[in-house]
*Asks:* 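Structure below; questions to follow.
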Amino acid sequence: MIVMKASRRVIPGAAAGAAAIGLIATLAGCSPGSSGPDDGKVHAIASFYPLQYITQRVGGSHVDVTSLTKPGVEPHDLELSPRQTGSLIDADLVVYLKGLQPAVDEAVRQTHPEHVVQASRYAPLEKHGTEVNGVDGHTEPAPGDHSEEAAGDPHIWLDPVRLAKVVDGVRKELSATDPEHAAAYRANAGKLDKDLGALDKQYRDGLSGLKNRTFITSHAAFGYLAERYRLDEVSINGVDPESEPSPAHLAGLQRTARREHVTTIFFEALVSPKTARTLADDLHLKTAVLDPIEGVKDPSRNDYFSIMRQNLTNLRTALESS
Ligand SMILES: [Zn+2]
């Protein structure tokens with residue numbers, strides 16, 4: 001069995017945590033805080049792009065959402081400044097996904113925000129990535145990565161059906177935070193839910209009847225999507241985008257690619273395509289982008305839905321031509 005080691009950085013220890021709490025208390029006491037001007041809006045903080053997007057859609061004009069992960073930044077190994085951690089204290093609502101970003105999990109533990117949406121409470125994490133078509137993409141939690149969620153695949157947003165459950169969680173907590181606009185939040189969430197349902201149908205229709213079901217990706221972000229639409233994802237890097245595949249794992253990928261008549265090696269926008277390109281060159285295959293929507297470079301040009309539809313097109317092209 002090939003086991004790939006994750007190289008995730010370890011969160012600060014207990015001493016560093018205690019020091020951070022002191023600093024946070026100072027910041028919260030003397031800064032104007034992130035609540036900003038008293039504009040009557042709910043000030044929400046989301047941990048990364050997909051949660052920022054759905055909170056914006058549900059909140060509409062009554063909510064101002066900022067993201068802890070800046071546009072174009074890969075979120076897995078995000079580090080927070082003390083000021084960012086302190087900003088959680090002043091936020092009216094915090095939306096995050098436990099198990100994706102250890103620094104954010106720690107910041108929420110330290111600051112105890114009053115209104116929190118923890119996404120996997122609404123769409124529980126599953127384990128993925130073991131023994132796909134004879135290639136073992138299993139990733140072990142790094143030493144020190146002691147949360148129970150470390151074993152679960154965090155990429156729930158790439159399954160529209162699971163994301164719809166998180167949307168309902170955001171609606172509920174937003175309505176508890178700001179009951180006055182509960183009707184607006186219900187209407188906005190209903191519209192988003194409909195859009196996600198239409199996207200799900202596009203995927204089901206678009207991927208049905210394709211003979212080839214196997215696709216190769218950089219990191220194992222598409223497990224829930226593969227499960228939903230009965231595809232097989234084989235990953236180069238496991239769950240962690242920064243881990244390096246072993247020569248044995250690469251050899252296994254080459255065998256799978258030949259056996260399953262794979263035409264395309266997918267890489268992604270925010271991670272170096274070097275390994276994907278090398279593998280594709282060795283096997284004389286094409287490369288294409290499959291975006292895990294972890295961070296979006298320019299959210300005014302591309303949003304969750306436009307990227308999901310582009311992913312569907314790219315998946316179809318790769319699977320049809322095999
Ligand atoms: Zn990921």
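In each ligand, atom 1 is the first atom listed, and ligand 1 is the first ligand listed.
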*Asks:* May I ask you to check whether D200 and Y229 show a side-chain donor-acceptor distance below 3.5 Å?
*Replies:* yes
*Asks:* Tell me who clusters with V161, hydrophobic residues only, linked when side chains sit under 4.5 Å apart either directly or through other members.
*Replies:* none
*Asks:* Which atom pair, heavy atoms only, marks the closest approach of V170 to V95?
*Replies:*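 Looking at all heavy atoms of both residues, the shortest contact is CG2-CG1, 4.2 Å.
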*Asks:* I'd like to verify the contacts: list protein N, O or S atoms under a distance of 2.8 Å from the Zn ion (ligand 1).
*Replies:* H76 NE2, H155 NE2, H219 NE2, E294 OE2
*Asks:* Are D105 and R109 close enough for a salt bridge, meaning some N to O gap below 4.0 Å?
*Replies:* no
*Asks:* Testing L315, N311, D159 for side-chain contact (heavy atoms from CB on, under 4.5 Å) with L225, which one passes?
*Replies:*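 Filter result, single survivor: L315.
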*Asks:* Take H128 and H155, measure what ring-ring contact (aromatic ring centres under 6.0 Å, His included) needs, and give me the verdict at the end.
*Replies:* CA-CA 10 Å; H128 287 148; H155 302 91; 9.0 Å; no
